[in-house]
Structures are given as C-alpha cells and as structure tokens.
Amino acid sequence: MSQYHKSAVHDLMVLPKTCPDIGEMLDKTLSTEKEESRRNMTNIIENIQFLARQGLALQGHEDEESNFIQLYHLRAKGNPKMLEWLQKKTNKYVSHDVQNEILEAMALQVLRDVASSIRNGLFFTILADECSDVANKEQLTICIRWIDLSLEPHEDFIGFYEIPSIKADTIVAAIKDAILRMNLTLSNCRGHCYDAGGPMAGSRRGVAEQIIRDAPTAHHTHCHGHALNLAVVTQQKGLSCSPMHWM
C-alpha cells in the first residue's frame, strides 16, 4: 500500500469525526435562523397587539419616532438580538403593509370569536346607523346585541362598512353581507334598531320593512338615542310634544 493510499484511508476514517457534514451544518444554520425569525416575528406581533389594544397609533411622521419602533426598542433592552433584527436590510416585517396585514388577521380572529359567541346565544338584534366620515364617504356602522347563556346582554361592534349611497337597498345589502360574513342566520334575528330617517324607517322600501320580510319575528325599534335627541331639540324649539311620542 502506497503512502498516498494510507493517507487517503486515514483521512476517510478521521475527517468525518472532526469535520461535520456540510449539509448538516447548513441545515443547523437554517434551523437556527428560523427559530430567531419566529422569535422576532412574535415580538413584532405582540407589539402590534399591545398598541392596537390601547388604541395607539403604530406609525409616526418618522419611523424612528413611531410608537411601534419605540416600544420595540424598549423591549429590546437586554436582548441585543432584537436590535440586530432592525439592522437588517430586508425581511424585517415592520413595514406599513405588514402591520396592516397583521392587524387585519387579528381583527378577523376577533370577529370569528364574537360570531361564535353570538351563535351560542342563538338569537340577536341588529343595530345600524350611517354617517359621512371626514373624507365625505358614507360609513355604515353595524353592531350586534345578544344575550349569552347566563342571560348577560352584550353589544358588539362588528365594523364600519363603506357604502356607495344611503339608499335603503344598499344599506340592506350591506347588513345582509355583514350577517353572512359572521356566519349568522337572519331568521334568528329578533330585533333591529335604526333612526327614523326615510331610508331606514320608510313604510314601503325602508331598511326595516325589507329586513322584516326576511325575518318576520324581528321587532323594529326606533333608536332611543336618536329619539331622545329629537325630543330635546323639539322641546328647545318650544314645540308641544311629549318625549314619549318619539320613543
């Protein structure tokens, strides 16, 4: 056996023990990077959840001065790995688009939980009102009132729905769409409450009349908040009218 042959056999026996396989090394590095990425992504999600729960803005006029980044730096004290994450050039997952996507996922999960609770309570009432926002876009507000198995009442805000017009047909379509998205059945509706405007309370094509056609057991109630406000205005103008007339 030549010297070269002996050297090759020796290397074959020794090298695997002293030098790890390159594939295993790469796989271990990738696994470590995945764990670090998941840990930092969890920190980002928790930051967004905290700020959203407190009703605080995530972004500011400058990224470094935003509530999100300041909270991230606060939590990074004693954890240099978190600060190293912000030094990355790409894939930091702190952009506006990513934050909005995470917020949307959280909102949908909240709605799923609310819808599940309402389904357990079986029956519910619809509360809806519309108004124009600062951009002069019509926003329909929808809330659901329901009673849990302990007979405790709940009123849950479902969301704002931008509608192209305040016509009754448009509002009804938005309400039905919201109910469908919550996986609720309109036949289980036992009440619906709106203001006394024509589109809402019209006797022929109003929202109340159209909902009653699909849910005959749903009792229509004039919004007491609107009624009280109307009664106060009436009294201020010196008109002879009892507040109970509007209730």
Side-chain angles (χ1 to χ4, degrees), residues 48-56 103-133 138-163 166 168-203 206-235 241-247:
I48 294 174
Q49 184 180 32
F50 174 81
L51 293 172
R53 179 65 181 81
Q54 299 302 318
L56 300 174
L103 284 170
E104 184 178 3
M106 291 179 179
L108 290 175
Q109 183 58 50
V110 170
L111 283 178
R112 279 191 283 266
D113 292 342
V114 170
S116 178
S117 299
I118 296 174
R119 287 195 296 272
N120 290 335
L122 190 58
F123 302 115
F124 60 90
T125 294
I126 301 170
L127 296 88
D129 193 17
E130 57 78 28
C131 66
S132 299
D133 60 17
E138 296 293 340
Q139 300 284 350
L140 179 68
T141 307
I142 299 179
C143 298
I144 300 292
R145 181 179 173 86
W146 58 284
I147 308 295
D148 62 22
L149 298 179
S150 301
L151 302 181
E152 290 292 331
H154 301 266
E155 282 188 10
D156 290 310
F157 169 71
I158 303 303
F160 291 114
Y161 293 82
E162 184 179 334
I163 53 178
I166 57 173
D169 292 346
T170 303
I171 295 175
V172 169
I175 292 175
K176 289 183 176 179
D177 180 71
I179 296 300
L180 180 62
R181 289 175 183 272
M182 296 286 287
N183 199 19
L184 301 175
T185 304
L186 196 58
S187 59
N188 288 336
C189 178
R190 291 298 180 267
H192 44 134
C193 179
Y194 323 104
D195 60 31
M200 291 295 194
S203 60
V207 173
E209 283 298 314
Q210 294 191 47
I211 293 296
I212 288 175
R213 292 171 193 169
D214 293 325
T217 56
H219 178 70
H220 172 224
T221 304
H222 181 195
C223 173
H224 284 210
H226 285 85
L228 180 61
N229 182 64
L230 188 58
V232 170
V233 172
T234 301
Q235 287 184 327
C241 181
S242 170
M244 293 303 297
H245 174 76
W246 305 101
M247 303 296 280

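For the single chain, residues carry numbers from 1 onward in sequence order.
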S.K.: State, with a plain yes or no, whether a side-chain heavy atom of I142 is found less than 4.5 Å away from one of L127.
M.R.: no
S.K.: For I175 versus I211, what's the shortest heavy-atom pair and its separation?
M.R.: CG2-CD1, 4.4 Å
S.K.: Side chain to side chain donor-acceptor pair (under 3.5 Å) with T125: which residues, sequence neighbours excluded?
M.R.: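 Side chain to side chain donor-acceptor pair (under 3.5 Å) list for T125, sorted by chain: empty.
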S.K.: I need the Q139 CD to S132 OG distance, nearest 0.5 Å.
M.R.: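 Atom-to-atom, Q139:CD and S132:OG are 9.0 Å apart.
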S.K.: Taking only residues two or more places apart in sequence or in another chain, which ones pass side chain to side chain donor-acceptor pair (under 3.5 Å) with Q49?
M.R.: none
S.K.: Which heavy atom of C189 sits nearest a heavy atom of A218, and at what distance?
M.R.: O-CB, 3.5 Å
S.K.: Measuring only between side-chain heavy atoms, which start at C-beta, is Y161 closer than 4.5 Å to T141?
M.R.: no
S.K.: Would you please name every residue forming a salt bridge (charged side-chain N to carboxylate O under 4.0 Å, His left out) with D177, sequence neighbours left out?
M.R.: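 Residues passing salt bridge (charged side-chain N to carboxylate O under 4.0 Å, His left out) with D177: R181.
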S.K.: Tell me, which pairs form a salt bridge (charged side-chain N to carboxylate O under 4.0 Å, His left out) where one or both residues lie in residues 149-159, sequence neighbours left out?
M.R.: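 Found R145-E155.
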S.K.: Going by the rule side chain to side chain contact (heavy atoms under 4.5 Å, CB included), which residues pair with R112 if we only count those two or more places apart in sequence or in a different chain?
M.R.: L108, Q109
S.K.: Would a 4.5 Å heavy-atom cut-off, applied to side chains only, mark Y194 and D129 as touching?
M.R.: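 No, every pair of side-chain atoms sits at 4.5 Å or beyond.
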S.K.: Find out whether E162 and L140 are in side-chain contact, i.e. whether some heavy atom of one side chain is under 4.5 Å from a heavy atom of the other.
M.R.: no
S.K.: Is there a side-chain contact between I126 and I179 in this structure, where contact means two heavy atoms from C-beta onward sitting under 4.5 Å apart?
M.R.: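 Yes; the side chains approach each other to less than 4.5 Å.
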S.K.: I'd like to check the side chain to side chain donor-acceptor pair (under 3.5 Å) partners of D169; sequence neighbours left out, ordered by chain and number.
M.R.: R205, Q210
S.K.: So I212 and H192, do their side chains get closer than 4.5 Å, heavy atoms only?
M.R.: yes
S.K.: Output all residues satisfying side chain to side chain contact (heavy atoms under 4.5 Å, CB included) with S117, sequence neighbours left out; order by chain, then residue number.
M.R.: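 For S117, the residues satisfying side chain to side chain contact (heavy atoms under 4.5 Å, CB included) (neighbours in sequence not counted) are W146.
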S.K.: Measuring from atom OG1 of T217 to atom CZ of R190, what distance do you get when rounded to the nearest 0.5 angstrom?
M.R.: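 Rounded to the nearest 0.5 Å, the OG1-CZ separation comes out at 3.5 Å.
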S.K.: Which residues satisfy the ring pair (Phe, Tyr, Trp, His ring centres under 6.0 Å) test with F50, sequence neighbours excluded?
M.R.: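 Not a single residue meets the ring pair (Phe, Tyr, Trp, His ring centres under 6.0 Å) criterion with F50.
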S.K.: Holding to side chain to side chain contact (heavy atoms under 4.5 Å, CB included), I want the full list of residues that pass it with S116, two or more places apart in sequence or in another chain.
M.R.: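 Result, side chain to side chain contact (heavy atoms under 4.5 Å, CB included) vs S116: R119, N120.
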S.K.: What distance do E138 atom CD and I166 atom CD1 have between them, rounded to the nearest 0.5 Å?
M.R.: 5.5 Å
S.K.: Taking only residues two or more places apart in sequence, or in another chain, which ones meet H219 in a side chain to side chain donor-acceptor pair (under 3.5 Å)?
M.R.: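 For H219, no residue satisfies side chain to side chain donor-acceptor pair (under 3.5 Å) once neighbours in sequence are set aside.
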S.K.: Which residues pass the side chain to side chain contact (heavy atoms under 4.5 Å, CB included) test with L111, sequence neighbours left out?
M.R.: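 Result, side chain to side chain contact (heavy atoms under 4.5 Å, CB included) vs L111: I158, M182.
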S.K.: Under the salt bridge (charged side-chain N to carboxylate O under 4.0 Å, His left out) test, which residues partner D214, sequence neighbours left out?
M.R.: K176
S.K.: Have a look at I118 and tell me which of N188, I144, D148, I147 forms a side chain to side chain contact (heavy atoms under 4.5 Å, CB included) with it.
M.R.: I144
